Amino acid sequence: MNIFDIYLDKILILIKKLSNEGTLVLPENLNGINVDIPPSNFDCDISTNVAMVLSKINKKAPIDIAKTLVDLIKSADDEIETISVVKPGFINIKFKSVYWNNFIKSINQNHIDFGVNTKEKKRKYLVEFVSANPTGPLHVGHCRGAILGDVISNLLIFNKHDVSKEYYVNDYGNQIINFTKSVYYRAREIVYNEKFPIENSELYPGDYLIEIAKNIIATNKKLKFDKFEDISKKLTLLSVAESLKLIKSNLSNLGITHDKFTSETEIIFNKEVEKVIEKLKEKNLVYQGKIKAPKSENDENWIEREQLLFKATDFGDDKDRALQKSDKSWTYFASDVAYHNNKLNRGHDVLINILGADHAGYIKRITSVVEALSGDKNKLICKVSQLVKLIKEGKPFKMSKRKGDYITVEDLISEVGKDATRFIMLNRSSDVELDFDFAKVKEKSKDNPLYYVQYCFARISSVYRHVGLDINKDLDITKFDFKYSIDEIKILKKVAEWPKCIEAASLRLEPHRIPVYLYELSSEFHSYWNMGKDDSNKRFINDKKIISNDKLVFLKIISNVIRAGMNIVGVATPEKM
RNA sequence: GCGCUCUUAGCUCAGCUGGAUAGAGCAUCGGUUUUCUAAACCGAGGGUCGGUGGUUCGAGUCCACCAGAGCGCACCA
């Protein structure tokens, strides 16, 4: 629990007591009451709106309610230095330094769990992310969602939940056939010296297919590249496997590993689609019918056909969705329904899907189907990551798959590095388009927030190194002096916000709050560090090369929060820079 | 035409599920190194939170409408 919640509980107990005594009327819902961080221009530590929330139902001015509460709060708590009522009716509290001393003591004792959200009960999560078609290496477009999914998983794991990270392999359908054909023609190019039919727009032109073909030829000496139909099955397996090898290596370069790869082909082969459709039929959610043309669409182009449909409109979707194509084969949607049923059968409490912006239109139908199968509206949460606008040499860089003119994850990592990529991609809300400027990401200055935060950790490490200690080892200190200055307490107040940051980030699955917080904390620290230039009392190591226990603990606490945050983000905390 | 996401300082963006005088960075201008890492710090200027209404003690935040940007809208995956 964080210090704000602890105080909120105190206030709730107080007003409930007053309500029982009949001196205060409480609304049914107390959720509007909160304890928060006051704006920086007020000289206080926490602030509550309780009087304003209670004002209406008690038919009293907020200020008057606040005044009566203030006396009661003050008399019940001897750690309060000042408590005041401010304009609209806020109650502001400033603690004595002993309060912060106790705070430090408590996090120094259980530093490993500091920040972990203990309010939520432990649950089983399944996070599906990336799930890019296995037709080649990952490119920059996949990157943001990949990192988002990975960090959401880290965040849930940090909060002690059970998490399975999964990749759905779309190794079935026309795109895979075209991909396999492309490998086939590349192989013929090598074996028979036959020109690759580049004019065929269905085929994949990328050079990486040559590598894939070479690898397959080298490891399958007996394979003859004569008639495509004769080897298509075998070649598909081999090509997809090669592709996945590339993708896994890309992911590993980004610092990402999945726990499970589920194959679409396998889902279809195991008749899971039939089974789930049977299940939906029992619920009367599947029927043979026609989809109506959208109003604006040209009627001439619209082909109406009767096919097997899922009643997505029962769940708020704009149209019912096709499960079967006219040749009776399953649509992508049908196998995805089966895959989600498969996920549900494995007993997860919550499913999370990370999707790219171009798949946002798909959310309604898949959440509908999960609701239909599980009876739970909130079983599946879809998180969309918006596009990344690449900027190179000051200009937007457009990728074109046809020209083979796109930036792969490999290019990206070798140019700007894993950590900078992860930190920058996460530093913004996933709801917003992101500018990714190669020049800026590579810059080693405070323009680059990654280095700014890492530098903070490195400075702390440096102090420890100077007094012969290792920042990565536990501190064995039992004796404290507990004399912290106003400037140090200011940083400790920021540290106290860490659990709140984690809570907000995990509640809304918004990991960008973590880099934003780490930047703010680092900023406070750098600021303090520079005070040491004018005031030697603020230097960590004194003239006699001695550091106080207070300062050692102070640094330790800050470094632990930074390390924990950077671990969630998935980037390093170097001791020297 | 419909759906989803977005619109906050010159630029890039935060804003903790409705709170107080809306915050950072970049850019601009001016300062800070015999001392723990200057990849740092301090100061200055810069705003009709896209627009109009509404909800209430209180709106950048919620609702409606409008404008603009991006993404999507059949058996592709």
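Since we're looking at a predicted model, the values are computed, not measured. Letters go in sequence order (proteins before strands), and every chain restarts at 1.
- Distances from the side chain of Ala360(A) to the nucleotides C4(B), A38(B), G25(B) place C4(B) closest.
- Among the heavy atoms of the strands lying under 4.0 Å from Lys533(A) is at least one base atom, whether or not backbone atoms are also near.
- If you check C62(B) for Watson-Crick or wobble pairing at under 3.5 angstrom, you find it paired to G54(B).
- Every ring-ring contact (aromatic ring centres under 6.0 Å, His included) that Phe436(A) has, sequence neighbours left out, goes to Phe438(A).
- Under 4.0 angstrom from either OP1 or OP2 of A38(B) there lies no side-chain N or O belonging to Tyr451(A).
- Atom CG of Leu54(A) and atom C1' of G19(B) are 15 Å apart (whole Å).
- If you look at Tyr528(A) and Phe540(A), their ring centroids are closer than 6.0 Å.
- On the P atoms, G31(B) is 28 Å away from G23(B), given to the nearest whole Å.
- Lys383(A) contributes no side-chain N or O that, together with a main-chain N or O of Leu355(A), makes up a donor-acceptor pair within less than 3.5 Å.
- Rounded to whole Å, atom C1' of U35(B) lies 14 Å from atom CG of Asn537(A).
- Closest to the side chain of Glu433(A), from the set G70(B), C13(B), C36(B), is G70(B).
- Although no hydrogens or angles enter the test, the distance criterion places a donor-acceptor pair under 3.5 Å between the side chain of Gln307(A) and the main chain of Gln324(A).
- Around NZ of Lys60(A), the count of heavy atoms belonging to other residues, nucleotides or ligands within 6.0 Å does not exceed 12.
- Side-chain atoms of Ser429(A) lie closest to A14(B) of the nucleotides A14(B), C36(B), G25(B).
- Nucleotide C76(B) has no partner under the Watson-Crick or G-U criteria, as no pair reaches both atom distances under 3.5 Å.
- The distance from atom NZ of Lys494(A) to atom P of A24(B) is 11 Å, rounded to the nearest whole Å.
- Using N1 to N3 plus N6-O4 or O6-N4 for Watson-Crick, or N1-O2 and O6-N3 for G-U wobble, each under 3.5 Å, U28(B) pairs with A44(B).
- Here the side chain of Ile291(A) is nearest to one of C36(B), G19(B), A74(B), namely A74(B).
- Between Tyr332(A) and Tyr362(A), the ring-plane angle classifies as tilted under the 30° and 60° cut-offs.
- Taken to the nearest 0.5 Å, the CG atom of Asp317(A) stands 7.0 Å off from the NZ atom of Lys364(A).
- Closest to the side chain of Gln386(A), out of U5(B), U35(B), C13(B), is U5(B).
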Check your understanding: Do Thr48(A) and Leu8(A) pass the side chain to side chain contact (heavy atoms under 4.5 Å, CB included) test, and can you show the C-alpha distance, the side-chain angles, and the key distance before you say yes or no?
Key -> CA-CA 8 Å; Thr48(A) 175; Leu8(A) 178 61; 5.6 Å; no

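- Ranked by how close their nearest RNA chain B nucleotide is to the 5' end, Ile91(A) and Leu434(A) are led by Leu434(A).
- Atom CG in Asp534(A) sits roughly 15 Å away from atom C1' in C36(B) (whole-Å rounding).
- Lys325(A) has a side-chain polar atom (N or O) that falls below the 4.0 Å cut-off from OP1 or OP2 of A77(B).
- One P atom belongs to G47(B), the other to C11(B), and the distance between them is 12 Å to the nearest Å.
- Note: CD (Glu520(A)) to C1' (A14(B)) measures 7 Å, nearest angstrom.
- In this structure, A39(B) makes no Watson-Crick or G-U wobble pair, since no nucleotide meets both defining distances under 3.5 angstrom.
- The aromatic ring of His359(A) stacks onto the base of A77(B), its centre lying under 5.5 Å from the centre of the six-membered base ring with the two planes under 30° apart.
- Taken residue by residue, residues 500-510 of chain A places heavy atoms nearer than 4.0 Å to RNA chain B at Lys500(A), Ala504(A), Arg508(A).
- Checking Arg508(A), His512(A), Arg513(A) one by one against Glu510(A), the side-chain hydrogen bond (donor to acceptor under 3.5 Å, both in side chains) holds for a single residue, Arg513(A).
- Minimum atom distance to the side chain of Pro88(A) is reached by G19(B), of the listed C76(B), C13(B), G19(B).
- Residue Trp302(A) and nucleotide A74(B) are classified as a stacked aromatic pair, their ring centres being separated by less than 5.5 Å at an interplanar angle below 30°.
- The side chain of Ser527(A) lies closest to C41(B), out of C41(B), A39(B), G70(B).
- Across all strands shown, Ala458(A) has heavy atoms under 4.0 Å from base atoms, whether or not it also approaches the sugar-phosphate.
- For Arg459(A), a side-chain nitrogen or oxygen approaches OP1 or OP2 of A38(B) to under 4.0 Å.
- Remark: Ile37(A), Pro38(A), Pro39(A), Asn41(A), Phe42(A), Ser47(A), Asn49(A) in residues 37-50 of chain A come within less than 4.0 Å of RNA chain B through at least one heavy atom.
- U48(B) adopts an anti glycosidic conformation, its chi angle falling more than 90° from 0.
- Side-chain atoms of Val53(A) lie closest to G19(B) of the nucleotides U56(B), G19(B), G70(B).
- In this structure, the side chains of Phe333(A) and Val369(A) come closer than 4.5 Å at one or more pairs of heavy atoms.
- Among the heavy atoms of the strands, none lies under 4.0 Å from Lys364(A).
- In this structure, Arg513(A) places its CZ atom 8 Å from C1' of U17(B), rounding to the nearest Å.
- Between the CE atom of Met577(A) and the C1' atom of A39(B) there is a distance of 6 Å, rounded to whole Å.
- Ser485(A) and Asp487(A) form no side-chain donor-acceptor contact under 3.5 Å, judged by distance and modelled atom types alone.
- Other residues, nucleotides and ligands contribute over 12 non-hydrogen atoms within 6.0 Å of the OH atom of Tyr287(A).
- Among the atoms of the strands shown, none is found under 4.0 Å from any heavy atom of Glu202(A).
- U17(B) and C62(B): their P atoms are spaced 12 Å apart (whole Å).
- Nearest-nucleotide positions on RNA chain B for Arg365(A) and Lys87(A) put Lys87(A) closer to the 5' end.
- Closest to the side chain of Asp435(A), out of G72(B), U56(B), C13(B), is C13(B).
- At whole-Å resolution of the value, NZ in Lys119(A) and P in U17(B) are 11 Å apart.
- As judged by a 4.0 angstrom heavy-atom cut-off over every strand, Val384(A) is placed among residues making no nucleic acid contact.
- Aromatic ring pairs are classed by plane angle as parallel below 30°, tilted from 30° to 60° and perpendicular above 60°; the pair Phe315(A) and Phe310(A) is parallel.
- OP1 or OP2 of A77(B) has not a single side-chain nitrogen or oxygen of Tyr332(A) nearer than 4.0 Å.
- Nearest to the side-chain atoms of Val432(A) among the listed nucleotides C57(B), C13(B), U17(B) stands C13(B).
- Counting atom types as modelled, Asn92(A) pairs a side-chain N or O with a base atom of A20(B) as donor and acceptor under 3.5 Å.
- The side-chain ring of Phe90(A) is not stacked on the base of G19(B), judged by centre separation under 5.5 angstrom and plane angle under 30 degrees.
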Check your understanding: Between Ile11(A) and Leu69(A), is a side chain to side chain contact (heavy atoms under 4.5 Å, CB included) present by the stated rule, with each step listed?
Key -> CA-CA 9 Å; Ile11(A) 285 166; Leu69(A) 289 176; 5.9 Å; no

